[in-house]
Enquirer: 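Just dropping this structure here.
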Amino acid sequence: MYIVQVASECAPVIKAGGLGDVVFGLSHELVNQGHIVDIILPKYDCMRYDHIWGLHEDYNDLWVPWGGGSIHCTVFGGKVHGVNCMFIEPHSNDNFFNRGKYYGDNDDNFRFAFFSRAVLEYMCVSNKRPEIIHCHDWQTGLVPVMLFEQYKYRGMDNQRVCYTIHNFKHQGLGGIDMINASQLNNDLYYLNPDRLQDNVHKGGINLMKGGIVYSNAVNTVSPHHAWEARFGNEGYGLGHTLYVHEDKFSGIINGLDYTIWNPEVDGYIDTNYGPDDFELKAYNKKALRERLWLEEKDRPIIAYVGRLDDQKGVGLVHHALYYALKRSAQFVLLGSATSGAINNKFRNEKNHLNDHPDVHLELGFNEELSHLIYAGADMIVVPSNYEPCGLTQMISLKYGTVPIVRGVGGLVNTVFDRDYDEAHLPEERNGYVFHHTDSSALESAMHRALELWYTDREAFNQLAIQGMRCDYSWKHPVEQYVEVYERIKV
Ligand code: ADP
């Protein structure tokens with residue numbers, strides 16, 4: 001099958017979070033299973049060009065309808081670890097993708113509405129006719145809208161769209177000026193409850209809703225989160241839209257790319273190891289301590305890796321740090337804050353704890369260091385408020401680092417409590433789960449993990465090894481995606 005992925009991220013070239021990992025991992029496994037895949041992305045100035053092989057001009061005469069006229073674009077091609085990628089570069093004073101960052105400007109809606117338009121125009125004029133266009137998150141929500149309202153009449157009537165929602169919180173909400181700028185014309189037609197009108201702000205256009213309404217299949221990234229989005233508050237106002245379109249909505253868990261996330265071959269860690277030589281993991285703990293100036297002693301290291309965002313339960317992350325110290329454990333944090341207030345809070349904490357021999361806070365994004373932390377830590381905390389899938393717990397499992405997670409979203413589908421999960425046999429259990437959002441719930445799960453580490457190291461290591469043997473590769477999720485593609489294709 002020929003599949004085009006359309007997204008705003010693709011690791012390791014463009015990665016702000018899990019979306020980047022998923023777009024690459026999914027595409028890579030599709031290619032491994034014999035499918036043809038192109039990934040179309042914006043050409044940002046700040047992406048990691050060192051991970052693109054053979055970057056070249058692929059199409060130089062692309063004119064993308066926009067505003068009152070059109071914008072000239074160049075499309076570049078290149079390989080990212082063996083997968084075909086295309087990068088769209090607009091030449092205009094709007095400077096859409098030359099801002100030193102991927103997201104976070106007031107005109108983000110316009111930037112990605114433009115990107116969606118550019119993707120379709122490029123496919124249309126360069127004669128790319130995939131069976132499936134697979135779009136990701138709000139940034140690409142207009143692709144199916146434009147495809148079925150406009151491009152289907154320009155020779156693209158056999159293309160079908162699969163739309164994957166990685167995070168319901170960010171939906172791309174804007175005014176009807178976005179519709180006009182995109183040259184969709186007839187703004188009132190789109191500002192309609194059955195189409196793109198936001199379910200709460202009735203004067204607003206919701207790009208993610210457009211993606212749901214117009215796509216042939218829609219999914220989010222775990223079965224449990226699909227349920228939460230439909231029946232709980234996790235759909236952030238889109239629950240009714242999912243109800244209307246329930247027949248095409250499902251949950252497919254993300255996978256991990258084990259060619260990248262695998263302690264047996266990982267080039268960023270000190271010593272490679274696997275479930276059969278688990279004792280070698282200790283060298284990575286030592287290396288992590290040396291790198292982060294932590295004291296060498298017989299104590300567990302508890303880690304947090306992830307965005308510092310309300311979604312991730314930052315209050316509980318902060319609490320975990322102090323509870324770890326209270327229990328004589330060491331704590332390592334690698335996180336990039338998504339707001340100034342959160343950044344200040346953790347920066348102050350970092351200054352306060354700067355000389356502490358048992359704590360290291362690394363504020364910022366550091367791919368290489370994240371690998372060493374996964375390999376060197378004993379436990380990881382994931383106390384999220386909500387978590388559509390979550391990759392950090394799956395990476396930790398592969399690295400024999402025991403996850404302590406809140407039971408929400410994809411965490412429910414991947415982490416099984418050692419003491420209480422009756423749905424799984426003891427030998428299938430792999431971590432600790434708590435449910436409430438208060439600090440005592442977190443403490444009780446951390447307490448159970450720490451007690452096992454302190455009192456029965458063999459049992460603790462056994463739990464870690466059971467986690468390493470779980471299969472969260474892309475193999476099964478890709479089979480499910482291919483089933484979806486087969487179902488919707490012409
Ligand atoms: P989300 O997509 O909500 O950010 P996920 O758990 O799905 O969370 O994916 C997070 C991914 O981003 C993981 O690969 C994790 O290792 C990585 N990551 C998050 N924050 C950082 C950071 N500060 N430095 C390096 N990698 C990070």
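Order of listing sets the numbers, starting from 1, for every ligand and every atom in it.
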Enquirer: Looking only at N/O atoms, are Trp261 and ligand 1 under 3.5 Å apart anywhere?
Expert: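 Trp261 vs ligand 1: no N/O contact under 3.5 Å.
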Enquirer: I'd like to check which ligand 1 atoms, numbered from 1 as shown, lie under 4.0 Å from a non-hydrogen atom of Gly306.
Expert: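 Here the atoms of ligand 1 in question are 19 (C), 20 (N).
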Enquirer: Surrounding OH of Tyr322 (heavy atoms of other residues, nucleotides or ligands, distance under 6.0 Å), is the total greater than 12?
Expert: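 Yes, the 6.0 Å shell around OH holds more than 12 heavy atoms from other groups.
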Enquirer: Which atoms from ligand 1 have a heavy atom of Tyr374 less than 4.0 Å away?
Expert: 15 (C), 16 (O)
Enquirer: Which residue pairs pass the ring pair (Phe, Tyr, Trp, His ring centres under 6.0 Å) test with at least one member in residues 357-389, sequence neighbours excluded?
Expert: Tyr236-Tyr386, Trp261-His371, Trp261-Tyr374, Tyr268-His371
Enquirer: Any N or O of Ile395 that comes nearer than 3.5 Å to an N or O of ligand 1?
Expert: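 No.
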Enquirer: With no hydrogens and no angle check, is any side-chain donor or acceptor of Asp358 less than 3.5 Å from a backbone partner on Leu294?
Expert: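 Not a single qualifying donor-acceptor pair exists.
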Enquirer: Is it possible for you to check whether Lys398 lies under 6.0 Å from the centre of the six-membered ring of Tyr258, through NZ or CZ, and within 45° of that ring's axis?
Expert: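 That pair qualifies as a cation-pi contact.
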Enquirer: Which residue owns the protein heavy atom closest to atom 2 (O) of ligand 1, what's the atom, and how far is it?
Expert: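 The closest heavy atom on the protein side is Gly18 N, 2.7 Å.
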Enquirer: List every atom of ligand 1 that sits less than 4.0 Å from any heavy atom of Thr392, numbering the atoms from 1 in the order shown and giving each element.
Expert: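 So the answer, numbered in order with elements, is 6 (O), 15 (C).
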Enquirer: Of all the non-hydrogen atoms in the protein, which one sits nearest to atom 5 (P) of ligand 1, and at what distance?
Expert: Leu391 N, 3.6 Å
Enquirer: Please state whether Glu362 comes within less than 4.0 angstrom of ligand 1, counting heavy atoms only.
Expert: no
Enquirer: Below 30° counts as parallel, above 60° as perpendicular, anything between as tilted: where do the rings of Phe97 and Tyr44 land?
Expert: perpendicular
Enquirer: For Ser336, counting its heavy atoms only, list the atoms of ligand 1 lying under 4.0 Å from any of them.
Expert: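 Counting atoms of ligand 1 from 1, those under 4.0 Å from Ser336 are 23 (N).
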Enquirer: For atom 27 (C) of ligand 1, grab the closest protein heavy atom and report residue, atom and distance to one decimal in Å.
Expert: Phe365 CE1, 3.4 Å
Enquirer: For His436, look at atom NE2 and say whether over 12 heavy atoms of other residues, nucleotides or ligands are found less than 6.0 Å away.
Expert: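 It does not: His436 NE2 has 12 such atoms or fewer within range.
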Enquirer: Does ligand 1 have an atom under 4.0 Å from some heavy atom of His166?
Expert: no
Enquirer: Could you list the atoms of ligand 1 found under 4.0 angstrom from a heavy atom of Lys15?
Expert: 12 (O), 14 (O), 17 (C)
Enquirer: What verdict does the side chain to side chain contact (heavy atoms under 4.5 Å, CB included) test give for Trp293 and Asp355, after you've listed the backbone C-alpha separation in whole Å, the side-chain angles of each residue and the deciding distance to 0.1 Å?
Expert: CA-CA 9 Å; Trp293 300 83; Asp355 298 323; over 6 Å; no
Enquirer: Between ligand 1 and Gly364, can you find any atom pair, the residue atom being a heavy atom, that is separated by under 4.0 Å?
Expert: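 The answer is yes: ligand 1 sits under 4.0 Å from a heavy atom of Gly364.
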Enquirer: Should the proximity of Lys312 to ligand 1, defined as any heavy atom under 4.0 Å, be assigned to the side chain, the backbone, both, or neither?
Expert: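 The answer is the side chain of Lys312.
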Enquirer: Would you say ligand 1 has an N or O under 3.5 Å from any N or O of Glu367?
Expert: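 For ligand 1, there is no N or O atom that lies under 3.5 Å from one belonging to Glu367.
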Enquirer: Where the closest heavy atom to atom 25 (C) of ligand 1 is concerned, which of Ile260, Asn366, Asn167, Ile373 has it?
Expert: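 Residue with the shortest heavy-atom distance to the ligand atom: Asn366.
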Enquirer: Which of the numbered atoms in ligand 1 are below 4.0 angstrom from a heavy atom of Gly335?
Expert: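 Matching atoms, with element in brackets: 23 (N).
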Enquirer: Is it the case that His166 and Asp137 place a side-chain donor and acceptor less than 3.5 Å from each other?
Expert: no
Enquirer: Do other residues, nucleotides or ligands put more than 12 heavy atoms under 6.0 Å from Asp438 CG?
Expert: yes
Enquirer: Tell me which protein heavy atom sits closest to atom 13 (C) of ligand 1, plus the residue, atom name and distance to 0.1 Å.
Expert: Asp21 OD2, 3.8 Å
